[in-house]
Every structure is written in structure tokens, then in C-alpha cells.
Amino acid sequence: MPRRPSLALILVTSAFASAIAACDSSAGLVVPNGSGGVGFDDLRYSTALHRVLAPSGRAGAIALVDPDSSEATSVSGFSTSGSYDGGHDFGVTSVDEGESFLYATDRTSGKISVIDESTRTITSSVDLAAGPDYVRWVGVTSELWVSEPSGGQIEVFSVSRSSPATLAHVAAIAIDNGPESLVIDERRGRAYTHHWEAQTLAIDLHTRAIIATFDNGCAASRGIDVEPEHGYVLVACSEGTASVIDAAGSGKIISTLAKGAGYDVMGYSHALRHLYLAGSACSCMTTLGLSSAGELSFLGRTDAPGDTHCAVADDVGNAWVCAPSKGSLIKIADGFPRTE
Amino acid sequence: MRRLLVASLVTVALVTGGAARAEESQHESPDRVRIDLGLRGGAELPAGGIERGSNASDLTYGGLPVALDAGVSLSRRVSMGLWASYALTIPKLCASTSDCTQSGGRDVELALSTRVRLPRIAWLTPIAEGGLGYEWSTRVLEASGVEGKRTFEGPMMRLAIVPTVKLSRRFDLGLALGGRIGVAHRVGVEAPGVNQDRGPDGAQLGGTLDLALRLGTSL
């Protein structure tokens, strides 16, 4: 007859199991089919879905992560590969949301796909003119803008309001020495993108003309976001500099901070007015505050994986950073107060 | 913090030099003025911080320093003089060979230094070195002809131990193990649209760990 385990043994065992679980959670959430590594690039957050959207490269899916439970579901149907090559040039790497649909680009198939949020299935796809980087929904024109650096352009698709929604190519905007990154400021009717070095461009959403060029404080331009209240454009540079451009006003850089290094895809919490910068060179995530006057302030720095380069903010006070070689996302609670 | 560091440095220099002079005076007194010269080259690894949120290792793997020291003997065992060093630092972030070639940063140091010959151990003569001075550091990222720079400068202290062997009547060879510790006094950023020079935001102790070969001579 087997002996019954003692209470002490049960307590020790459960404590050990809890410790292992804690270690696992600190290592991050491995996205579906992500073990072995995923070439993450663009990360988004959907307020409507209450999910972090993580296009998962070779895993062939977009992970949808509940920020409260850290549980993930996925939308599959994209290019897959059994091995991770260390880069982020394979499969689905960018996603955006608009009017109950997700739109995602696949670098391997060279397609942009429409995903029905309710069924979480791909409903249609069309070919892209060149290798995609970022896809962004433009609500005021019901268009999708796709940056295509290899073609030196932003490709524009109209989105039909039929069911299922379909896409049609309508224009291409030539961007010399770019485009790197893409963000939409619907309030001012502008898109912003970078030259690979030194400058950020403003493009009119209706005329599709480049209407302004700004120095952006970067040798190597990378991440971008917009603070819509004042029209500030937020810029992250590979060399570890973050700057705020008064794009709706003087066109000058208002504030610059240099902390950490190796930044790429940046996160911005509109609620907290915090920037999240994940850096490979510093193996860190830096949190900066953005005042209403456009001044940046350093809030904190925490360790992050040595191959991280992307971050996103959710709407419940967390930053998420990618850990490509582990195929995981790491949730970092932002304990800093809102910057005023 | 800076006052504490400077006070510590002065204390270390005085105690080290004083103790050595006291020991030396029991044995022998200087009979002539001697000039010590040294040239060294080696490697340095970044350590510590610059200011809140900035570590010394953020933008560089380390550096390749070349240094000159020149001192005048105060006694048989103690000399004081000047130290000058230039290190080419290796960038972490450049994307192409040509960008990397242009992205080398630099650490430049000037210091007043003290060298103390410690009692010989077999065929080795250990030499303790200490110095107080100032450093200027620049980290560069060149991207297709566009340059971004981060700079910092401030007072620093250098300490090393140099086990030395005599090569000939005039020349000796030593392996210098040591490092530099400093506090940033100014930090800056130079990039398109940005030219920033300011005091540090929460200065931190930082510097390098060094390993170098020193070829020395006495005149």
C-alpha cells in the first residue's frame, strides 16, 4: 500500500512548483508555435479586442494575447517555417486593426490579408507590389497604407465595406531612402514615416503628397509613434536616442533623451504618456515620460533579452517586449505614474 | 558624490605614496633624478554607468587603448608624472563595414600619476600606479554618412598593478592590470537637429577594466 505524502512534503512540493511557475512567467509568454524562436517585428495593441497583437513570423500566426490573463489565442494561415533564422524577414510581421477587421502582411508570401475579427479567419488576400514592412489602417479614407522599403514606396489599398471586405490597390507614394516605420495621425490627416537616416516625413492622407520634412535626431531612424493631442511625433533611433518633434507646430525637435541603445519598434501608452523603448545593444527596456509640453523625462530602465527590439503598450498599465530567440513576449508592469 | 570620489582619490594617492616613501627611506635614498617613460597598449572593457539609464556598455564592446606615461623620480621607488591615453572604442550598432569603420568612438584621458615600485618578488618588480585626471569619451554611430554622437566627460581615477620584468639595463616590460573609474560631469548628444550639452541626470560611477602590456625605460 503506498504511503500517503506528508503535509510537509506537499507544502515543499507546491512551493517548488510555484517557484518554477514564477520563473516561467518571468521568462515570458511563448506565443503559439513559438518555441524555437520567432522573428517578431511590429507589435500592436487592440483596445476593441483587448488583446496584444503579435505577428509571429515563422510561426505562421498572429498571436492575440489577453493582457490580464496572459493567455494567447491565434489567427493562423500565414507562411510557416520549422526553424528560426534569427532575423525578422519571414512570414507575418505586421498587423493593424480597423472597423472590426485585422489586416496583416506576410513577407514570405508577399500578400496582405484581411482577417474577420469575429471568426478570426482570413477572408481575403491580395498581392503586394514589394516586400512589406508595416501596415496601417487609415480610418478617414478607409485605406490601408503599407510601407515597402524594398520598393521605396508606401502602397495604398482601398478597403471595400462589403462583406467580406476586399482590398484594391489604388496608389503608391514614392519615398526616397525609406520608408522606415509608419504611423497615422488621423486627427491632423497625416501619416509619418522616416528616411533611414536623419529625417522624418509628413504625408497628407488625402493628397498623398509629402508636405513636410523634419530633422529627427537620429543617425539611424527606427521607431515612430504619435501623441495625437498636440501632434507630437515620437522618434526612436537605433543609437539609443528618443526625440519629440513638434510636427504640428514649429517642426523642430522639442526634447531629446539618450539612454540605452539598439532601439527599433517603440511602444507608447496614451493613457500614461509613457514611451517604451526596447534595446538589443543595452539588453534593456527604457521607460520615458512625455509631458504635455513635449518634454521627455527618464522614468526607469529594466533588463530585457539581448535580442529584443520591439515593444508595445496595452491599456491596463503594461509594456510588452519581444524576446525573438525564445519566441515569447515579456509583460513588464509599468509602476510609474502618468506623466502630466 | 563627486566630492566623495575626489577625497577618496587624494587619500589613496597620499597614503600609497607616503607608505612607499617611508619604506623606501629605510633602505636607500635617491642619488640622482631618474625619468621613467612608458608606452603601453592593450584592451579595455566598459563597466558601470554614466548617468541614470545609461550604462558604459550600451554602445561599445570595449576599446583598444594606447597610453604614454612619463614620470620624474622623487625617490628610488616613487615617481610622479603625467599619463595620457587614447582608446579607440568598438561600436555595437553599425550595420555595414564602412559604417563600422566610421563608428569608432574614443576615450581620451589626461592624468597626474604616481608610480610606486614595490618590493621585488623573485624576478618580478610589481609597480603600483595611481592617477587622478579627466576623461573625454565619445560614442559614434555612423549610418550611411549621417553621424550620431553621444559624449560624456568628467574627473576620473586610474589604478593599476604592473608586474614588471627587466629586459635590459634600460628597458623593462610589464603587464598592467587595472582600470579607470570616473563620474560624468557633462553629457551630450550630437545628431541631425540635436546639439545637446548638459549636466548628467543622476551621475553614476563608471569606467573600464584594463589589461595592457607596458614597455618602459628609465633615463
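None of these values were measured; they are calculated from a predicted model. Within every chain, numbering begins at 1; the chains are lettered A, B, ... in the order of the sequence lines, protein sequences first and strands thereafter.
Considering all non-hydrogen atoms of both residues, Pro192(B) and Ile253(A) come closest at O-CD1, 3.9 Å. Summarising the geometry of Ala219(A) relative to Val146(B), their closest heavy-atom pair is CB-O, 3.7 Å, with the distance given to 0.1 Å. The heavy-atom pair separating Leu93(B) from Gly262(A) by the smallest distance is CD2-CA, 3.7 Å.
Dense packing is recorded around CZ of Arg186(B), with more than 12 heavy atoms of other residues, nucleotides or ligands lying under 6.0 Å away. Within a 6.0 Å sphere centred on NZ of Lys252(A), other residues, nucleotides and ligands contribute 12 heavy atoms or fewer.
A distance of 9.5 Å separates CG of Leu141(B) from SG of Cys237(A), quoted to the nearest 0.5 Å. Taking NE2 from His195(A) and OG from Ser144(B), the interatomic distance works out to 12.5 Å, rounded to the nearest 0.5 Å. With rounding to the nearest 0.5 angstrom, the NZ atom of Lys92(B) is 8.0 Å from the SG atom of Cys282(A). Distance check: Glu147(B) CD to Glu197(A) CD gives 13.0 Å after rounding to the nearest 0.5 Å. From Asp58(B), atom CG reaches atom NZ of Lys259(A) across 10.5 Å, with rounding to the nearest 0.5 Å.
At least one donor-acceptor pair closer than 3.5 Å links the side chain of Gln196(B) to the backbone N or O of Thr256(A).
Counting heavy-atom pairs closer than 4.5 Å to chain A, the top residue among Gly148(B), Gly53(B), Gly193(B), Ala143(B) is Gly53(B). With chain A as partner, the option from Ile50(B), Asp99(B), Asp201(B), Val187(B) having the largest number of non-hydrogen pairs under 4.5 angstrom is Asp201(B). Most heavy-atom pairs under 4.5 Å with chain B, from the set Gly260(A), Ala198(A), Ala261(A): that is Gly260(A).
Both the backbone and the side chain of Arg52(B) come within contact range of chain A, with heavy atoms under 4.5 Å apart.
Asn55(B) is listed as a side-chain neighbour of Arg301(A), based on a closest heavy-atom distance under 4.5 Å.
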